Amino acid sequence: MVTMSETETPPFRYTAALAGEIELRWQAFWDANGTFHAPNPAGELADPDHPRAGAPKLHVQDMFPYPSGAGLHVGHPLGYIGTDCYTRYQRQAGFNVLHPMGFDAFGLPAEQYAVQTGTHPAVTTAANVERYRQQLRRLGLAYDDRRSFSTTDPDYYRWTQWIFLQVFNSWFDPSAGKARPIQELIESYESGARGPEWAGLSAVEKRQLIDDHRLAYMSEAPVNWCPGLGTVLSNEEVTPDGRSERGNFPVFKRSLKQWMMRITTYGDRLIEDLDTLDWPEPVKLMQRNWIGRSRGAHVDFPVASSTGVIKVFTTRPDTLFGATYMVLAPEHELVDSIVPAAWPQGTHAVWTGGADTPAAAVEKYRREAAEKTEEERTADGKVKTGVFTGAFAVNPVNGAEIPVFIADYVLAGYGTGAIMAVPGQDERDWAFAEVFELPIIRTVEAPEGFEGAFTGDGPAINSAWLDGKGVAEAKAAMIDWLEAEGKGKGATTYRLRDWLFSRQRYWGEPFPIVYDETGLPIALPDSMLPVVLPDTDDFSPRTFDPEDADTEPETPLSRIKEWVQVELDLGDGPKMYTRETNTMPQWAGSCWYELRYLDPHNESKLVDPANESYWMGPRADGDCGGVDLYVGGVEHAVLHLLYSRFWHKVLFDLGHVSSFEPFKKLFNQGYIQAYAFRDERGVIVPAEEVVERDGRWYHGDSVVNREYGKMGKSLKNVVTPDEMCEQYGADTFRVYEMAMGPLDVSRPWETRAVVGSQRFLQRAWRLVVDEETGATRVTDEPLDPKTRKVLHRIIAGVREDMEELRFNTAIAKLIELTNALTPQETVSREAVEPLVLMISPFAPHLAEELWGKLGHEGSLAYTAFPVADPAQLVADAITYPVQVNGKVRGRVEVSPETTEDEVRAAALAAVAEVLAGKDPKKVIVVKGRLVSVVV
RNA sequence: GCCCGGGUGGUGGAAUGGCAGACACGGCCGCCUUAAAAGCGGCUGCCCCAAAAGGCGUGCGGGUUCGAGACCCGCCCCGGGCACCA
C-alpha cells in the first residue's frame, strides 16, 4: 500500500523528500556564495562592493544557546526562526542586516554532563556545539557564520579575561558617577589630594587600600555556599526558597573569601537607564525590583553604657518616635562588644532564650541560626525568633532607652544589618513585639478600629513636632532634623548585592590573576592573555553531602600543582607566583558576546570602534545605542540581562564602547509547550504512542491522562526539529512555528497540525510548477483587476505584520493570497513573483527554488520586498452593514464616492421593512465602516 | 499578601471602539477513483429548525457608548514574578 501511494504521487510534487533536496542545495549555495555575510565598515570583514555596504544597519541577535547533550527540541529554535524571518525581510527591505549566532558553552551543565559521561568537558562541549550547528544549519537560518564563536574558544575568552582586567583595574568615582582607571585613583593618592595618610603607608598597605576600591575585588563575606554542587553561587543563582537554581540543592550562608564585582555602584544607572530601553515593562519591573532601591535615612542610636553606636537604615524616619526596641542581624559586628556580663535587673524571661547570660544566649541563637537553611529561615508564617542582647540603645529623638535584640528576621547583608523596630507601623516588628511583649506606640493615626501594624498614610501622632504631618512630609522633616542635629542622614540603599564572581569549578574562564608573597592579587598584563584553562583528567568538582554546611570549597584548578605555581617576569625580573584557581561564573562569557560578533577576529582590540559605533552606536542625543532587537526567553530577565548591562556600562565608562546599553530593544518569545501522558499508575507513556478517541486519550487500550507543560526527555514528549525536517522539510517546520501563534505567546506543540503548513507550501509550489511535468505554469498575462486588488491589500498587510513581528497573521494573509490564486488555470507572474518574495522570509529554500524557476539567476535574498501600489488599495465598492439598535439588519453596497447623505438614504431604504414606518431617532454613518440606526 | 500578564468555537488562534471567530488543525459532505490516499470543492460557535427566519454568544456581575472581545468599576479562574529588603 505504501509503495503504491508513493508511486502515484505526482513526480514534481513538493514532498518532504523534494523539500529536503532543495534545502540542502540552497544551504550549500548560500554557504558557497557567502550570501548572508554582512559587511563591516572597517577591518577584515569590510566589503565596499557588498550590495548593502553603506546601507542603514539593522542589528538583530538571539540569546545564544547553551549546547546541552540532549540536542535541540522543536521549542528551542522558535526565537531563532522568528529573528531569521524578520532579518530576511529587513534585508530585502534594504537594510544591512547583522544576524550572528554563537554558543555559550562554559558552565555547570556542560561540566556535569562531562562528569556523568566520564569525558572531558572540552570534548563533550565541542561535540554538543557541532550537533547544535548541524541542527540549526538544517533550518536554513541566515547567519553570518564568519562571526560565530563559542565562549570556550581561547580566542574568545582571552577577551573575557581582558574585560575582567578592565573591571579589576578600575574604580567607581562617586562624584563622576562612573568607572575610572585605577591609575587615576593611585595618582590622586600620590598627589596628596586624598589626604596625607597615603605617604605614611607601607607598600603593602597602599596596595590593600587601592584593592579596596577596585570594581573587582576579593572579600571575606557571607556568601551562598552550596555543598551539593561544591561551589559558591551568586544571589541571582539561588531560588527564593534558598536552593540552587541548578540541581536544587540547599544553599547555606557562609563567610568565605571570594571575588566580587561592585555592581551595586551602578544601581542608580541600572535603574534609571531602563527608561531609555524598549523592553517589555514586566522585565523592566523585575530589574527594578531586583535592584530594589529604597530611599530613607541612616540614623545613629548610641548604645547606653558603652561608646558604641548602632547605625540603622530606615525608609520611615517619620516613625522614629515609635521605635520601642532595636534588632541587629545575628552576624552583626557590634553584637559581641555590647553584650554585658549579666542580664540586667528584671529582664523578661522570654527575652533570654533560657540562657544564663546574654553571651550564652547570643551564642546559642547564632548557632541555631547557622544550622538553618534559608528555606527554614524564611518559611511562611514562621513565628518570629530572637534573643535580647542585654544592651540598651538611646532613641536619638527622645532619649528613650530601648532594648537591643538579635533576630534572624534582620538580614546582615541589607542596609546596615540593624533596624529600629517600630511595631506600630511595621508588620514584622509588630509580630516580633507580640512574641516578646514589647511596647507598641502608634506614630501614624490608624483608621477607626484598625488592628495590627498600620503601614498606610495618615497624620503623624505621638511624634512631637511631626504631629499632624502626612507621611511624606514627616519623613522630609525628620531627615532635615537628623541632619541638622548630626544624628542621621538621608540615604538610599539597594537590595542588590555585589556580584559574587568566583566559582569552584573547572569548566570556566581562569582568572588572569596571580598572587605574590603578600597574598594580594596581581593583574597579569594583556600580553599574557589568554590564561589558557589547563588540561586535566581530574576535572570533577569536589562536592559534598548537600546538607552539610560545614564543608570547605575546593577548586579543581588548585589540584594542578604545576600550573598553579608559575614563574613570570612581571617587570621586576622572573619570580614565582601563585595562580588564582577559581574560575569565572557561567555568565561571564555571555556578558559581552554581543560585542564580539561585531569584530570577531580582531586580535588587537575587543572591537574596532568604527565597527562598534556603526552597529551599536547611539543614533541620536540620549539614545542608548545597542543591539536593535534582542530576542530570548524571559528567564534571563534578571541574571544575564543585569550582568551584561553592568559590564557594558563599565566598558562605556572606560571608553571602549559608544553605546551605554547593550540591548536597545528586547523581545521575549513564548515557549513551545507540550502534552505529556500518564497512565493510571502515574507512569509517563510516550506521547507519540497516544491516540485520541471520542475525546479521551488512549495508550494501547488503556485510558491515559493528559498533562500540559514542558517538553522533555523524562516526559517522553520530545519532538525534534530533525524529525520535522525529515517528515515535512525545514520550510514547512519554519512556517508552522511562525504560524501557530504570536511569537511572544506560549502554545502547545501539535505535530498533527504541521500538515497545514505543508499543504500551504504545496499549493504555492503548484502555482509555479506543474506537478506532472515539472514545467513552469506561470503566464506573463496581466493579473485580473480583482485579484490585483487582493494582491496589493495583502502586500500592504504583510509588510505591516513583518515590521511588528506578527508572523502568524502575515502567514495567514499569504495563505489567503495563495488560496485566491489556486483555482486559476494559469497564474500571472504579476501575482506569483510578489508571493514568492513574500513567502521567502518564512520558507526561504522553497522561495529560492521557485525564484529560479521563474527565470531569475542566483539568490533572492537581496531582491526588494514587494511594495503595495496605493492606487490598488482603494476599494471599488463599499458594503455598509446597517445596524438597527445595534443589530445588523441589512446591508448596502455603494461606490466609494457616495456622499454620506446618499449612504444614509440607501441604508434607511435597506432596513425600511425592519423600521416598519417608525422614525429613526438617530442615524450614524461611519465613513467606510457601517451605518447605525437608532429607533 | 503584593505586582505583572491572560481568559474568544472541539483545538491553535484573528479582530485601529464598528459585521466576533480571519487563517489553520480536526470533523462532516461532495468531486475524482474499481477502491483508498493525495488533491480539489463545500459546510462546520451554540440553540430551535426540513429550510427560511429567529434567539443566544468573547470567564462572571454592573457601567460608559448609537455601537464593547476591546474602555471604566467590582468579582472569579489560570499563568508568571516578588515576598522578613526595614
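As the structure is a prediction and not an experimental result, all values here were calculated from the model. Below, chain A is the first sequence line, B the second, and so on; all start at residue 1.
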Give the rounded distance in Å between these two atoms: [atom1] of [X] and [atom2] of [N].
| X | N | atom1 | atom2 | value |
| --- | --- | --- | --- | --- |
| N885(A) | G18(B) | CG | C1' | 16 Å |
| N289(A) | A83(B) | CG | P | 9 Å |
| R747(A) | U8(B) | CZ | C1' | 18 Å |
| Q673(A) | C78(B) | CD | C1' | 13 Å |

Would you say a side-chain N or O of R759(A) is under 4.0 Å from OP1 or OP2 of G26(B)?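 Yes.
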Whether R288(A) side chain and I271(A) backbone form a donor-acceptor pair below 3.5 Å: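 Checking the backbone N and O of I271(A) against the side chain of R288(A), no donor-acceptor pair under 3.5 Å is found.
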Between S463(A) and A460(A), is there a donor-acceptor pair closer than 3.5 Å when you use the side chain of the first and the backbone of the second?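 Judged by distance alone, no pair lies under 3.5 Å.
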Ring centroids only, cut at 6.0 angstrom: are Y728(A) and Y736(A) within range, meaning strictly under it? no
If I compare all heavy atoms of V74(A) with all of E737(A), which pair ends up nearest, and what's the gap? O-OE2, 2.6 Å
What does [X] touch in the nucleic acid at a heavy-atom separation under 4.0 angstrom: a base, only the sugar-phosphate, or nothing?
| X | answer |
| --- | --- |
| Q883(A) | base |
| L285(A) | sugar-phosphate |
| D429(A) | nothing |
| S932(A) | base |
| E281(A) | nothing |
| T493(A) | nothing |
| R293(A) | nothing |
| V926(A) | base |
| I815(A) | sugar-phosphate |

How do P282(A) and I419(A) order along RNA chain B: which one's closest nucleotide is nearer the 5' end? P282(A)
For C19(B), does the base pair up with any side-chain atom of R929(A) as donor and acceptor (N or O, under 3.5 Å, distance only)?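 There is none.
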Watson-Crick or G-U wobble mate for A86(B), both contacts under 3.5 Å: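 Pair assignment: A86(B) / none.
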Distance, C1' atom - from G5(B) to G59(B), rounded to whole angstrom: 16 Å
Using the ring of F432(A) (Phe, Tyr or Trp, six-membered ring only), decide whether K384(A) places NZ or CZ under 6.0 Å from its centre and within 45 degrees of its axis. no
